2 protein chains.
Amino acid sequence: MDPENLIEQCFIFHGLPARVLNDIVAIGSVKKFNAKQTIFMEGDRATGFHIVITGRIKIFKLSTEGREQTLHVFGPGEPFGEAAVFAGTRFPANAMAVKKTETFYIPREAFVLLLKKDPSIAMNLLSILSRRLMSFAVMIGDLSLKEVPGRLATYLIILMKQQGKSDSVTLDMPKSQLASLLGTIPETLSRIFAKMQRQGIIAVQGPHIKILDLEALEELSGTEFRD
Amino acid sequence: MDPENLIEQCFIFHGLPARVLNDIVAIGSVKKFNAKQTIFMEGDRATGFHIVITGRIKIFKLSTEGREQTLHVFGPGEPFGEAAVFAGTRFPANAMAVKKTETFYIPREAFVLLLKKDPSIAMNLLSILSRRLMSFAVMIGDLSLKEVPGRLATYLIILMKQQGKSDSVTLDMPKSQLASLLGTIPETLSRIFAKMQRQGIIAVQGPHIKILDLEALEELSGTEFRD
DNA sequence: CGCTGCGTTGAGCTTCTTCAACGATCGTGG
DNA sequence: CCACGATCGTTGAAGAAGCTCAACGCAGCG
């Protein structure tokens, strides 16, 4: 799998002319990370950003006591660290591979020059950053205004849509990781799962969740799901 | 105050050639809002975005029970609603004038055409969206990983820097609004203020806060403040 | 003067975290 | 092949943080 094919398939560079793609491939390089290896840390100067080629990474913040809040989990084709690069600041969070991962690394200086030469590169970036900004807005609202059952319900419904199922979902990460994404801890999440099961809303078998009462789930979620 | 001068002074359009600025002024229009007037609501289709000319607006989410989480408070020169416009989706939150406000409104369709014609417009936008994304990342971390005293301490320290003071700050909004920004309610914020005062960390006189023990405040905050 | 918005304080309660223990699964090296 | 450690998940008991509800004070202003 050579970088060029992968790069042009990523949404971030989709639709760009071959000339520009070549420039991008020319300034970047492939980096490899083992599971649990740190890619960058909060406070590091953002000297470049990555695009996941294979594997999976998470972006997270740590409290002083060591609790973890996951902001994002990214897979193939998704860029991360770009915001800090464009803003020219330090990374506001940590990045770690959750499994063996390859990334395409693009250094800041060269990329900023490319951007100036070819501002059309910015268009897809605008769209990506906008989407992430909005998903963060939702996350802030959920963290602040919903309780854990509501957040879990919302997550399950979104996952259902993603997986195109109407009565079951399969969690795409360990429950402990999900807890961190939902802004809680494994113990609490486990209790909520048990409670929702007791209430007959879902049935849990490991990572497989049967949705028994979608109505109740939507009620718990409190979110309107319009296109 | 005619729009043209204001528009070119905004960071969002800073450094653009006169030709482009004229185009932008041509497609936009001035809108006026009274205090407490809704500008747009969560779920509305994003048919355009605004730039604050005078006044002040807030972006916020509401829980089903009516509690409010403020995401942003914006003043003159700051754009809002752009993310939903670039992503072509609905607004993920509400916007309301907190006092009498004028905005420069830019409709989506025309602006997207302009962007395609002149991608250089996108550069400043990239920087703005990146900064907001990072500030949201911080907000998520704070909401999830810090308790209210920590968030308040962080806010006070940032405000000190903004105001260039070293031993006092003046709150730039009502305490009830601050509560919503910090992800809590007025009662709780009031209690925290009282407690920090009892502990000799600060002295509160209405909106004026004297910082008596910066050390303790930084300790509470838990954030490293690097450049 | 009385209304309205803002702020404060108290009492009770819910939610969630902490701490601790325990069970299950899985991959690996002996 | 089994034993071991590591990861993951579950459950219980206790405690902390923050929310709800309610009452009240105070200031500004029509």
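The figures that follow rest on heavy atoms only: side chains count, while hydrogens, waters and symmetry mates do not. The structure displayed is predicted, hence computed values, not measured ones. Chain letters run A, B, ... following the sequence lines, proteins first, then strands; residues in each count from 1.
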> Give the nucleotide from the list dC19(D), dC16(C), dC8(D) with an atom nearest to the side chain of T184(A).
dC16(C)

> In this structure, how many angstroms lie between the P atom of dG27(C) and the NZ atom of K99(A), rounded?
14 Å

> Q205(A) has an atom CD; how far is it from atom P of dG9(D), in whole Å?
15 Å

> Between Q197(B) (CD) and dG7(C) (P), how many Å, whole number?
15 Å

> Does the ring centre of Y105(B) sit less than 6.0 Å away from the ring centre of F49(B)?
no

> Nearest whole Å is fine: how far is dC16(C) P from L182(A) CG?
11 Å

> What is the bend of the helix from dC1(C)-dG30(D) to dG30(C)-dC1(D) when you compare the axis at one end with the axis at the other, using five pairs each and rounding to 10°?
30°

> Does any donor-acceptor pair link the side chain of R198(A) with the base of dT11(D) at a separation under 3.5 Å?
no

> Let me know the distance between CD of E187(A) and P of dT18(C), rounded to the nearest Å.
8 Å

> For K195(A) and dT10(D), give me the distance from atom NZ to atom C1', rounded to whole Å.
17 Å

> Taking any heavy-atom pair under 4.0 Å as a contact, classify K36(A): base, sugar-phosphate, or nothing.
sugar-phosphate

> Return yes when atom CD of Q37(A) has more than 12 non-hydrogen atoms of other residues, nucleotides or ligands closer than 6.0 Å, and no otherwise.
yes

> Which label fits H50(A) and F33(A): parallel for a plane angle under 30°, tilted from 30 to 60°, or perpendicular past 60°?
perpendicular

> Measure the distance from CZ on R191(B) to C1' on dA16(D) and round it to the nearest whole Å.
15 Å

> For the pair made of CZ in R151(B) and P in dA17(D), what is the distance, rounded to whole Å?
13 Å

> Tell me which nucleotide among dT20(D), dT17(C), dT8(C) gets nearest to the side chain of S190(B).
dT8(C)

> Reckon G150(A) touches a base, only the sugar-phosphate, or nothing at all at heavy-atom distances under 4.0 Å?
nothing

> Give me the residues of residues 140-148 of chain A where at least one heavy atom lies under 4.0 Å from an atom of DNA chain C, by number, or none.
E147(A), V148(A)

> Between K175(B) and dG5(C), does any side-chain N or O lie under 4.0 Å from OP1 or OP2?
no

> From dC19(D), dC16(C), dG10(C), pick the nucleotide closest to the side chain of P149(A)?
dC16(C)

> Can you measure from CD1 (I140(B)) to OG (S144(A)) and round to the nearest 0.5 angstrom?
11.5 Å

> What's the separation between atom CD in Q177(B) and atom CG in L182(B), rounded to the nearest 0.5 Å?
10.0 Å

> Could you tell me whether K31(B) and E102(B) have a side-chain N and a carboxylate O separated by less than 4.0 Å?
no

> Which nucleotide in the list dT17(C), dC8(D), dG18(D) gets nearest to the side chain of R67(A)?
dT17(C)

> Between E82(A) and R132(A), does at least one N-O distance fall below 4.0 Å, as a salt bridge requires?
yes

> Surrounding CD of Q199(B) (heavy atoms of other residues, nucleotides or ligands, distance under 6.0 Å), is the total greater than 12?
yes

> Please classify the nucleic acid contact of S176(B) as base, sugar-phosphate, or nothing, using heavy-atom distances under 4.0 Å.
sugar-phosphate

> Examine K175(B) relative to F193(B) and say whether NZ or CZ is less than 6.0 Å from the centre of the six-membered ring and inside a 45° cone about the ring axis.
yes

> Using a strict cut-off of less than 4.0 Å between a Lys/Arg side-chain nitrogen and an Asp/Glu carboxylate oxygen, indicate whether K58(A) and E68(A) qualify as a salt bridge.
yes

